[in-house]
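The next block holds one structure in the form of structure tokens; read it before the comments.
For reference, positions follow the sequence shown, starting with 1. Bear in mind that the values here come from a model prediction, so they are computed numbers and not experimental data.
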Amino acid sequence: MTEKLLAVLLAACCLTACVADQPPAAQPPPPPQATPAPTLITTPTPEPAPTPDGAATFPSPEPAGKLDAYLDAAARSLDPRQQAALAKIPETPRRLLALRGYLRAGDPGGRWSWTDEEIARYKTTAEHAAALAEVEKVKAAFSSLNPGHALHVNTEVRSLDEQLKNWNRAESVAAAGEELLAACLRELEAPAYKEPPDDAGAARFGRFLKGQGVGRTPTIALPGLSPHGQGRAFDFQVTRGGSVIADTSSGSVSSRWDAPGWTEKLREAVAKSGARMTGPLESPREPWHYTYNP
């Protein structure tokens, strides 16, 4: 018994030692750690800086293009009144055409269109009354020569603001301006035109503008230099039974003035009346336009 018990105890010890010597069971690897997303670093857009009066100042606009730079440089030689008028012409083609006209006209002197205050003062003068009397002479002579027909005349002085509005919407001005714009862009491709413009380049561009022609003549006068701006120009329209049959539209010259004979009939009436008027206007051609000569 003792020997059997001893054998059992010995076997149990061996079994225990075998179990203790076995390596531990392999553990599953830890789950991979997610790589953190990179932090996106951005430069904040600066806020507009406040000015002393509390308003915000914003970045300056992109510098003007080469054409605008040369247009401005060439305009520096103009009379300040002409420069102010140019600033009220927003479209570049129309502004180029006006600049060409001002460069050709030179110093406007006393020809510049009147302000509202000057117009109001003129209406109180003897010269204004005399001009209206001359208009009445023409109207009377025309009715006498053409029974059943009469003349309608707008005797209001055409202010500079009204002239600018007409210039900024006239199709003939847009067409001539686009043609001039294309020619100017080609001219400015020459290497002599530096950026920014120097004095020599500005003078050269001015000479080019003055000499550059266009295929289509604008049908309205240059803003500020129209005789209508000083109350000395009058546009006559032919009426019959209260309806206008020959108006002041540039497209009606041939059909409503020349063909029916009103161009010559109005000229005859002016001559017969003895009014101190000259006309009609030849460039642009307006058979209805006559100028009073005080």
Side-chain angles (χ1 to χ4, degrees), residues 64-65 67-68 70-119 122 153-185 205-206 208-237 247-253 279-291:
L67 174 65
D68 288 336
Y70 272 90
L71 193 159
D72 293 341
R76 293 189 190 113
S77 64
L78 298 178
D79 181 279
R81 294 170 294 179
Q82 295 170 325
Q83 293 182 15
L86 279 179
K88 296 181 179 180
I89 303 174
E91 297 177 14
T92 300
R94 297 176 190 268
R95 194 161 64 251
L96 271 174
L97 194 65
L99 174 58
R100 185 192 72 152
Y102 292 147
L103 290 172
R104 288 181 170 184
D107 182 6
R111 296 176 295 157
W112 194 252
S113 295
W114 290 332
T115 63
D116 289 340
E117 292 77 12
E118 289 171 323
I119 293 172
Y122 170 70
V153 189
N154 182 359
T155 59
E156 289 298 316
V157 182
R158 192 174 299 167
S159 69
L160 175 61
D161 285 342
E162 185 177 354
Q163 294 174 44
L164 284 165
K165 288 178 183 178
N166 292 338
W167 185 266
N168 287 331
R169 65 191 178 197
E171 293 182 5
S172 63
V173 173
E178 289 291 348
E179 185 181 342
L180 184 61
L181 171 63
C184 288
L185 291 176
F205 187 66
F208 168 78
L209 267 180
K210 288 176 68 174
Q212 182 63 34
V214 292
R216 182 172 179 180
T217 302
T219 58
I220 61 175
L222 192 62
L225 293 178
S226 169
H228 286 283
Q230 291 192 352
R232 295 188 177 96
F234 298 96
D235 290 342
F236 295 91
Q237 299 183 71
D247 58 16
T248 58
S249 170
S250 60
S252 69
V253 172
L281 185 66
E282 292 298 333
S283 183
R285 185 163 180 264
E286 296 180 354
W288 53 80
H289 179 118
Y290 282 77
T291 301

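The side-chain hydrogen bond (donor to acceptor under 3.5 Å, both in side chains) analysis of residues 210-226, with sequence neighbours excluded, yields the pairs S172-T219. Within the structure, salt bridge (charged side-chain N to carboxylate O under 4.0 Å, His left out) pairs that include any residue of residues 75-93 comprise D79-R81, K88-D161, E91-R94 (at least two apart or interchain). The list of salt bridge (charged side-chain N to carboxylate O under 4.0 Å, His left out) pairs with a residue in residues 221-235, not counting sequence neighbours, reads E127-R232, R158-D235.
No side-chain donor-acceptor contact under 3.5 Å links R100 to the backbone of L209. Side-chain atoms of R95 never come within 3.5 Å of backbone atoms of A87 as a donor-acceptor pair (strictly under, hydrogens ignored). A side-chain donor-acceptor contact under 3.5 Å links Q230 to the backbone of W112. With hydrogens and angles ignored, the 3.5 Å screen pairs no side-chain donor or acceptor of E179 with any backbone N or O of A176.
Looking at heavy atoms from C-beta onward, S77 lies out of side-chain contact with Y102 at the 4.5 angstrom threshold. Side-chain atoms of T248 and N154, non-hydrogen and from C-beta on, never get closer than 4.5 Å to each other. For the pair W114/S159, no side-chain contact is recorded, criterion being any heavy-atom separation below 4.5 Å from C-beta on. A heavy-atom distance below 4.5 Å is not found between the side chains of W288 and V153.
With values rounded to the nearest 0.5 angstrom, L86 atom CG is found 6.0 Å from L99 atom CG. To the nearest 0.5 Å, the span separating NE2 on H228 from OG1 on T155 amounts to 12.0 Å. In this structure, CZ in R285 is found 12.0 Å from OG in S250, a value given to the nearest 0.5 Å. From D72, atom CG reaches atom CG of D68 across 6.5 Å, with rounding to the nearest 0.5 Å. Atoms CG and CG, on L164 and L222 in that order, are 9.5 Å from each other to the nearest 0.5 Å. Annotation: the span from I119 atom CD1 to L160 atom CG amounts to 9.0 Å, rounded to 0.5 Å.
Minimum interatomic distance between P108 and Q82 (heavy atoms only, all atoms of both residues): CD-NE2, 3.7 Å. Nearest heavy-atom pair, A105 versus R111, reported as atom, atom and distance to 0.1 Å: O-NH2, 3.3 Å. Here the closest heavy-atom approach between residue L78 and residue L103 is recorded as CD2-CD2, 3.8 Å. Considering all non-hydrogen atoms of both residues, Q163 and S113 come closest at NE2-OG, 2.8 Å. Nearest approach of Q83 to A75, heavy atoms of both residues: NE2-O, 3.2 Å. The two residues P218 and V173 make their nearest non-hydrogen contact at CB-CG2, 4.1 Å.
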